[in-house]
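So the structure is just underneath, and the comments pick up after that.
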2 protein chains.
Amino acid sequence: MANQPAVHDWISGLVLFEGIAKECRDRLAAASREVPVIRQEVIYRRGDSATGLFVLATGHVKLSIQSDKGPEKVIDLIGPGQSFGEAAMVLSHLYQHQAQALEDGLLIWIPKDAVDKAAETYAGFSRRLMTSLALQCESLQHDIELVNLHSASERVADYLLHQPIEEGKTRLRFDKRVIASKLGLKPETFSRALQQLKMQGLIAVKGASILILDPNRLRSVA
Amino acid sequence: MANQPAVHDWISGLVLFEGIAKECRDRLAAASREVPVIRQEVIYRRGDSATGLFVLATGHVKLSIQSDKGPEKVIDLIGPGQSFGEAAMVLSHLYQHQAQALEDGLLIWIPKDAVDKAAETYAGFSRRLMTSLALQCESLQHDIELVNLHSASERVADYLLHQPIEEGKTRLRFDKRVIASKLGLKPETFSRALQQLKMQGLIAVKGASILILDPNRLRSVA
DNA sequence: CGCGTTTTTGAAGACCTTCAAACTGAGTGG
DNA sequence: CCACTCAGTTTGAAGGTCTTCAAAAACGCG
């Protein structure tokens with residue numbers, strides 16, 4: 001219980017709990033557990049049963065699906081403040097994907113009982129959960145649209161424009177291989193797509209940092 | 001109000017309202033409206049604002065995303081008893097996709113107010129909505145997995161195995177073009193994939209009806 | 001500086017797509 | 001009852017985009 005204050009502070013600040021009654025947050029915080037993770041650590045595997053909800057405090061997490069052989073497909077990249085694993089928990093299902101820490105970080109884990117109880121008692125929290133799921137649906141739909149209807153460089157352009165941009169500059173926060181997989185591309189193809197955008201004078205690339213030279217034309221590509 | 005009894009009967013029988021308090025169903029039914037649709041009719045377009053929830057009573061509906069040019073991508077095919085358009089409604093968003101009737105049918109439309117109110121008042125209904133969204137998430141994830149990790153014939157095999165099968169036989173309930181698009185394939189590719197499964201002795205094809213000759217090997221393909 | 005990892009580059013190949021045309025089959029009208 | 005038509009499907013050949021394989025280059029870290 002020594003860690004409760006810290007957990008509570010985190011929970012209070014997170015998107016998932018924005019505007020939620022203090023009492024509700026307190027209860028969730030009381031039930032939750034801090035889970036430190038180290039780089040590369042697998043948080044859950046496909047087939048594990050979902051007994052709770054994860055919220056990421058610090059670090060980054062990769063959600064992915066592995067096939068029988070080597071290749072994996074990254075379905076989402078999670079940053080601080082975001083939650084994951086909701087769908088399987090809501091359905092009392094087995095996870096259909098794997099979650100893995102990309103770096104050392106801290107998770108907050110809230111057991112299903114507490115989530116269910118809170119959702120039942122506090123309509124506001126219930127609506128928040130629903131919103132989170134709906135956002136995921138739209139995000140997944142967007143990914144499907146990208147893979148099916150758009151070329152490699154169009155997908156890369158779209159990705160860049162959705163990153164946090166400061167003074168026309170952005171920074172790839174993940175391995176290029178990981179980003180490539182999220183976009184449904186091989187690392188080689190991703191690299192070539194970046195080259196292409198560079199040659200068209202739309203961006204300048206220096207390692208992981210990318211300068212957006214022509215936002216308008218970049219948008220029209222995506 | 002003359003149509004209320006019929007609407008109520010439909011609502012009571014639907015998955016989305018299974019196990020929901022009678023009072024709740026009654027209220028939703030009272031607020032809902034029947035909307036007949038004819039073949040090819042567009043129910044909503046991308047960009048329309050979502051002011052309610054659709055439930056399909058009879059007929060079939062195609063959810064799709066169009067690109068600037070010709071090609072469209074089918075993201076889901078809806079049958080009687082299923083609901084759609086939840087995500088955009090929950091988020092008070094614009095629709096990110098289009099819904100179109102594939103044949104004459106009947107929709108039930110429930111205004112957002114009524115849904116919100118019911119979700120707030122009846123935790124059971126709220127949980128149902130959430131379940132529905134969670135299922136959609138998993139389904140979309142599965143589609144992403146298919147497109148990214150599996151070949152054309154693997155996807156077709158998977159699709160066939162997820163259809164209602166009676167006595168080893170199933171029937172394609174939609175245009176092959178529509179199914180192809182849902183699988184992220186061109187009609188020609190879909191046709192060739194079916195041929196390939198046929199040549200491997202896994203299925204027999206006669207128009208829209210398909211005989212599954214070797215379910216086990218078919219499963220191992222998918 | 002040296003080593004392992006990540007990224008890039010090049011060339012060859014695979015799978016799906018595109019384009020074009022033939023085929024099928026259900027609905028229509030003679 | 002049999003053409004006829006038209007949408008839907010299948011088939012063939014050519015073409016593209018992405019992938020694969022291989023190797024070099026760049027990067028990061030001890």
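Reminder, nothing fancy here: chain letters follow the sequence lines and each chain counts from 1.
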Residue pair I65(B), R46(B): steps toward the side-chain contact (heavy atoms from CB on, under 4.5 Å) verdict: CA-CA 8 Å; I65(B) 298 172; R46(B) 174 176 223 168; 3.5 Å; yes
Closest-nucleotide 5' rank along DNA chain D - winner of R192(B) and V178(B): V178(B)
Spacing between R173(A) atom CZ and dT6(C) atom C1', to the nearest angstrom: 19 Å
Value in whole Å for how far the P atom of dT17(C) lies from CZ of F190(B): 13 Å
Atom-pair distance (CG on L185(A); C1' on dT8(C)), nearest Å: 15 Å
Passing candidate, side-chain hydrogen bond (donor to acceptor under 3.5 Å, both in side chains) with K62(B), options H97(B), Q98(B), E72(B), Q40(B): E72(B)
Residue pair V90(A) / L133(A): nearest heavy atoms and the distance that separates them: CG2-CD1, 4.1 Å
Distance in Å, L160(B) CG paired with R219(B) CZ, rounded so as to fall on 0.5 Å steps: 12.0 Å
CD1 on I212(A) to CG on L161(A), rounded to 0.5 Å: 5.5 Å
Presence of T189(B) side-chain N/O under 4.0 Å of dT17(C) phosphate oxygens OP1/OP2: yes
Along DNA chain D, first and last positions that approach a heavy atom of chain B under 4.0 Å: dG8(D) to dA13(D)
DNA chain D: 5'-proximal contact among G207(A) and S151(A) (nearest heavy atom): S151(A)
Ring geometry between F54(A) and Y95(A) (parallel below 30°, tilted from 30 to 60°, perpendicular above 60°): tilted
Side chain of E188(B) (C-beta onward), nearest among dT6(C), dT9(C), dA20(C): dA20(C)
Candidate pair I203(B) and L194(B), rule side-chain contact (heavy atoms from CB on, under 4.5 Å), full reasoning: CA-CA 8 Å; I203(B) 61 173; L194(B) 277 177; 3.8 Å; yes
L149(A) to Q66(B) - nearest heavy-atom pair and separation: CD2-C, 4.5 Å
Atom pair distance, as rounded to whole Å: NZ in K186(A) and P in dC15(C): 13 Å
Degree of bending, the helix from dC1(C)-dG30(D) to dG30(C)-dC1(D) (end axes from five pairs; round to 10°): 30°
Exercise: do S92(B) and K112(B) side chains pair donor with acceptor under 3.5 Å: yes
